[in-house]
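Structure record follows, encoded as structure tokens.
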Amino acid sequence: MTTTNSRAERAAQARAAVVQLAAGGIDGVVFGWVDNAGLTRVKSVPLPQLEHAAEHGVGAVPCFDLALVDDSFTTTASSAGPMGDLRLVPDLDRLTPLAAQPGWAWAPADRYTQDGTPHPGCQRGFARRATEAVERRGLSVLAGIEIEWVVADAAGAPATSGPGYGMTRFVERSDYLREVLRALTAQGLTVLQLHPEYAAGQFEVSVAADGPVGAADTTMLVRHTVRAVSARHGLRVSFAPVFTEGAIGNGGHLHLSLWRQGRNLAHGGPGRHGLHPEAEHFLSGVLAELPALLALGAPGVASYLRLVPSHFAGAYRCWGLENREAALRLITGSGAGQANAEVKCFDAAANPYLAVGGVLAAGLAGLDAGMPLPPETRSDPAALASAERLPASLPEASDAFEKSAPRRRCRSARGSPGRR
Ligand code: GLU
Ligand code: MG
């Protein structure tokens with residue numbers, strides 16, 4: 001079931017969930033969604049209200065569509081200011097007791113208008129529509145977002161010592177990392193890797209891939225969990241694109257693979273490194289739109305402090321097998337199921353639903369146009385005179401976004417009625 005089920009179905013699902021949650025000592029459920037600035041916003045209900053909330057949603061002010069990263073609000077010609085209301089409807093398929101916040105459960109939420117139609121500005125709805133467009137072509141996508149963060153002490157200094165990837169950091173924060181691992185696992189996530197990253201105080205976790213909407217939900221849950229565990233250990237946490245100016249930043253690399261009838265189209269095909277034609281066209285569409293996609297995947301002013309050469313951030317518009325300076329890194333992995341492409345230029349300021357939905361839209365445009373991939377970049381692009389830098393500032397990325405043809409197509413298709 002999803003929030004697109006009927007009100008009666010959702011109410012029945014909630015009634016069953018309440019019995020289980022009560023037996024597990026849960027007192028309340030927090031509904032999370034991510035705004036256009038990439039911030040997670042929440043509302044919560046006590047357990048006895050869950051059925052009503054699942055059936056009717058809870059009120060959510062639409063002006064959060066205009067919220068900025070500093071909690072101020074912008075305006076647009078169509079904004080209604082203080083007027084109106086939306087309904088935040090929890091997706092109980094992802095209802096999860098929170099291991100690091102005893103007594104609380106979490107569910108990602110979709111936003112609907114008061115008459116029950118999908119809110120056109122719902123970011124999760126956008127990712128779902130993009131996924132459905134992929135599925136209409138008989139294809140599916142597996143996605144996963146790597147999550148990097150920095151922990152700091154009360155004074156704001158990075159809370160590890162020793163070298164990048166160093167054992168010293170692992171020993172210093174052993175109990176903390178164990179609790180992160182345990183909490184994520186207890187919440188039903190499959191952790192693939194957890195390690196100290198390169199920058200001071202930086203760690204990274206990756207979890208198993210999922211469908212595009214599920215992967216974005218998981219990103220929200222992982223970040224929520226890291227935050228909660230960090231708080232329990234007296235640590236401050238930052239997912240900002242850059243924590244220390246000049247240092248390596250926090251990426252939000254998006255991995256994805258395209259599948260048809262159970263076959264990974266990045267493996268065993270006649271193209272370069274085993275790509276099947278559909279995967280090549282899809283990736284060429286993503287590569288073509290990367291300057292525009294940065295407005296979604298690297299949406300902060302500080303994103304461009306991170307997106308610089310020699311930081312493994314993918315500052316160049318090119319692709320290459322295992323090329324960590326290419327914005328689009330191809331990974332063949334250790335078998336058919338492992339091959340995937342990594343969009344490296346995205347960071348942790350992104351709204352994961354917008355980032356993944358935008359990439360799908362760009363990929364589908366490439367697929368429909370039958371676009372080929374340009375020649376591969378087989379070395380560090382920084383040393384190549386022909387290398388093309390991606391936008392070096394947010395205004396440049398926003399300009400590219402304004403001009404993007406796939407963006408215009410999404411805009412004219414948005415708000416198409418969903419089943420409720
Ligand atoms: N932290 C780097 C970034 O800003 C990525 C390092 C890596 O390749 O995982 O994207
Ligand atoms: Mg990393």
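For ligands, and for the atoms within them, numbers begin at 1 and follow the listed sequence. Below, each value reflects all heavy atoms present in this structure, side chains not excepted, and no hydrogens, waters or symmetry copies.
By the 30° and 60° cut-offs, the orientation of the rings of H195 relative to Y165 is parallel.
Under 4.0 Å is where a charged nitrogen must lie from a carboxylate oxygen, and between R87 and D110 no such pair does. Using a 4.0 Å cut-off between charged side-chain N and carboxylate O, R137 and E278 make no salt bridge. Electrostatic pairing of D71 and R41 counts as a salt bridge here, judged by a charged N lying under 4.0 Å from a carboxylate O.
Close N/O approach between I248 and ligand 1 is not found [any backbone or side-chain N/O within under 3.5 Å]. Of the N or O atoms in N250, none lie within a sub-3.5 Å distance of an N or O in ligand 1.
Ring pair F312/Y198: centre-to-centre distance not below 6.0 Å. Ring centroids of Y176 and H233 are separated by less than 6.0 Å, placing the two rings close together.
Sorting the N, O or S atoms of E148 by how far they are from the Mg ion (ligand 2) puts OE2 first. The nearest N/O/S atom of E197 to the Mg ion (ligand 2) is OE2.
In the model, H273 has a side-chain atom that pairs as donor or acceptor with a side-chain atom of E376 under 3.5 Å.
Proximity to G251 (heavy-atom distance under 4.0 Å) selects the following atoms of ligand 1: 3 (C), 4 (O), 10 (O). Listed by atom number, the atoms of ligand 1 under 4.0 Å from E204 heavy atoms are 9 (O).
Summary of contacts: the protein heavy atom closest to atom 5 (C) of ligand 1 is H253 CE1, 3.4 Å. Counting protein heavy atoms only, atom 9 (O) of ligand 1 is closest to E197 OE2, 3.1 Å. Of the protein's non-hydrogen atoms, the one nearest atom 1 (N) of ligand 1 is E148 OE1, 2.7 Å.
Of the candidates R324, R306, K344, R306 brings a heavy atom nearest to atom 3 (C) of ligand 1.
Residues N250 and R306 fail the side-chain proximity criterion, which asks for heavy atoms closer than 4.5 Å.
The Mg ion (ligand 2) has an N, O or S atom of E204 under 2.8 Å away, backbone or side chain.
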